[in-house]
Amino acid sequence: MSWKSRGEPSSRSVISKKWTLLLCLGCFCAGMLFTNRMWTVPENKGITRRTAMEEEQLKLVSEGCNPKAKEVKRENKDIFGEVSKTHNAIQTLDKTISNLEMELAAARATQESIRSGSPLSGDSKTTDSSGKRRYLMVVGINTAFSSRKRRDSVRATWMPQGEKRKRLEEEKGIIIRFVIGHSATSGGILDRAVEAEDRKHGDLLRLDHVEGYLELSAKTKIYFATAVATWDADFYVKVDDDVHVNIATLGETLVRHRKKQRLYIGCMKSGPVLAQKGVRYHEPEYWKFGEPGNKYFRHATGQLYAISKDLATYISINQHVLHRYANEDVSLGAWFIGLDVQHIDDRRLCCGTPPDCEWKAQAGNICVASFDWSCSGICRSAERIKEVHRRCGEGENALWSASF
């Protein structure tokens with residue numbers, strides 16, 4: 001009994017050790033699995049927290065907690081401010097240089113005209129070192145060989161004649177001339193007739209230009225170049241010979257802009273580009289203005305417009321490279337594109353004939369120029385301009401009492 005009792009505990013002990021080993025091994029594996037899972041979660045959370053903290057620190061630095069970053073920002077603002085000031089100064093300097101170039105070119109043009117013997121106004125009085133008087137404006141009336149009746153009708157209405165014209169130049173500083181070139185056959189019957197007319201009235205400005213309707217753009221360039229070389233004026237005006245003009249009102253209008261530079265004054269419009277051949281005002285170079293049906297850029301209507309001396313000088317200097325379009329008013333507007341030009345739209349420069357201009361005159365708003373839009377001038381102007389002058393004219397006393 002004693003041996004059996006001792007042997008049984010021995011077998012139980014052996015079995016217990018095996019199970020114990022297996023149990024320990026299972027616990028070890030379970031512990032490894034449990035430990036890996038628990039370690040992975042806190043490790044990710046720890047990394048996330050550290051990244052968030054780093055981002056918070058970077059945010060604080062970017063918001064200006066770092067004094068060095070603030071100084072960098074201030075320096076950047078100061079640099080941008082200096083760049084802006086420098087840019088504005090350069091623009092101002094550029095405009096000043098442009099004005100000086102215009103004045104220098106005008107002086108050179110005047111000197112060259114004197115050396116070459118170009119005609120100067122015989123009635124002008126000297127008021128400066130160049131020997132040429134300063135006038136308020138030069139009014140060039142565009143005319144043709146076939147327009148003798150129109151010229152006579154203008155002389156009989158709004159254009160002073162004889163001693164009154166000389167007085168207008170001396171006292172008011174206003175030059176008025178009919179502008180005409182030469183015929184295709186120099187010295188022919190047309191030229192001789194115009195020369196005889198000029199000897200009688202003395203109010204024609206002859207241009208080195210062959211007359212022709214399709215050459216109006218070239219004539220306009222030559223007119224401004226000749227006028228700026230002949231007379232030193234604040235403004236140069238172009239008007240058609242079938243338009244009624246109130247000279248005193250025109251002078252008062254221009255005087256208000258006397259101190260400004262690069263002025264382009266007229267009734268600004270933007271008509272359609274006519275591509276169809278055979279129609280009036282057809283534009284052969286219509287393709288330059290984009291798609292069919294497009295309109296021109298803003299420009300003054302051709303019946304009457306005025307430009308300041310610096311722009312007239314610009315045309316004179318660059319006349320050989322300025323492109324000519326079919327319509328002279330479009331050409332003039334094109335020459336000023338790209339320049340720092342002030343466009344002034346004044347509707348008093350394009351009033352209608354009576355009753356339009358008459359009603360405006362009665363209301364105290366006297367028109368500068370009157371014509372019929374349907375005819376691009378006064379219809380049958382040689383017959384009707386006297387009536388327009390009677391009903392819409394400012395009166396002769398207005399001219400002599402005006403102070404420019």
Side-chain angles (χ1 to χ4, degrees), residues 139-162 164-165 168 174 176-181 183 189-205 211-214 216 219 223 237-250 266-267 269 279-281 300-305 327-329 347-363 365-399:
V139 180
I141 308 173
N142 182 45
T143 190
F145 288 110
S146 59
S147 300
R148 175 62 188 268
K149 291 183 178 180
R150 288 184 180 182
R151 291 193 292 274
D152 288 340
S153 66
V154 170
R155 293 183 180 112
T157 52
W158 60 267
M159 180 181 180
Q161 292 296 294
K164 289 183 178 181
R165 181 171 60 83
L168 182 67
I174 299 175
I176 305 178
R177 296 288 188 275
F178 289 103
V179 180
I180 192 169
S183 65
I189 186 173
L190 296 176
D191 289 318
R192 292 197 300 270
V194 168
E195 289 170 1
E197 182 182 350
D198 191 27
R199 285 193 297 270
K200 178 180 179 180
H201 298 282
D203 56 4
L204 271 70
L205 174 64
E211 284 291 324
Y213 180 77
L214 299 178
L216 287 179
K219 184 178 181 179
Y223 158 63
V237 182
K238 178 263 176 183
V239 59
D240 290 337
D241 60 4
D242 55 355
V243 174
H244 179 268
V245 180
N246 285 317
I247 293 295
T249 307
L250 174 60
C267 284
K269 66 174 184 176
V279 300
R280 193 180 185 185
Y281 306 127
T301 185
Q303 284 79 7
L304 186 148
Y305 50 74
N327 302 302
E328 53 97 8
D329 53 353
R347 310 314 292 182
R348 294 183 304 158
L349 274 65
C350 56
C351 295
T353 55
D356 179 53
C357 58
E358 186 176 21
W359 290 341
K360 292 177 180 178
Q362 292 173 355
N365 188 23
I366 299 177
C367 294
V368 173
S370 302
F371 56 88
D372 297 311
W373 283 103
S374 59
C375 298
S376 297
I378 299 176
C379 299
R380 306 188 315 277
S381 64
E383 304 170 9
R384 295 183 56 235
I385 195 170
K386 288 185 178 181
E387 178 192 0
V388 176
H389 184 66
R390 179 180 61 84
R391 298 173 64 179
C392 300
E394 60 195 353
E396 187 175 358
N397 293 332
L399 179 59

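Keep in mind it's a predicted model, so treat the numbers as computed, not measured. Residue indices begin at 1 and follow the sequence shown.
Ion pairing between a basic and an acidic side chain is recognised when a charged N comes within 4.0 Å of a carboxylate O; K149 and D152 show no such pairing.
Among residues two or more places apart in sequence or in another chain, the side-chain contact (heavy atoms from CB on, under 4.5 Å) test is passed with K269 by H299, T301, D329. The salt bridge (Lys or Arg N to Asp or Glu O under 4.0 Å) check on K164 picks up E396, with sequence neighbours excluded. Evaluation of the salt bridge (Lys or Arg N to Asp or Glu O under 4.0 Å) rule for D356 yields K360 as partners, not counting sequence neighbours. A search for salt bridge (Lys or Arg N to Asp or Glu O under 4.0 Å) contacts involving R391 returns E358, E387, not counting sequence neighbours. Residues passing the salt bridge (Lys or Arg N to Asp or Glu O under 4.0 Å) test with R380, sequence neighbours excluded: E383.
If you check the gamma sulfurs of C392 and C357, they are less than 2.5 Å from each other.
Side chains of S381 and D242: a donor-acceptor N/O pair is absent below 3.5 angstrom, by distance only.
Here the CG atom belonging to D203 is positioned 7.0 Å from the CD atom belonging to E197, to the nearest 0.5 angstrom. For the atom pair R155 CZ and F178 CZ, the distance stands at 4.5 Å (nearest 0.5 Å). The structure places OG1 of T249 at 9.5 Å from CG of N365, a figure rounded to the nearest 0.5 Å. Going from atom CD1 of I141 over to atom CG of D241 covers 8.0 Å, rounded to the nearest 0.5 Å.
You'll find the side chain of K219 reaches within 4.5 Å of the side chain of V179, heavy atoms only.
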Which donor-acceptor pairs under 3.5 Å do the side chains of residues 370-378 make with protein atoms, sequence neighbours left out?
unit_1: D372; atom_1: OD1; unit_2: T353; atom_2: OG1; d: 2.4
unit_1: D372; atom_1: OD2; unit_2: C379; atom_2: N; d: 3.0
unit_1: D372; atom_1: OD2; unit_2: R384; atom_2: NH1; d: 2.9
unit_1: S376; atom_1: OG; unit_2: Y281; atom_2: OH; d: 2.7

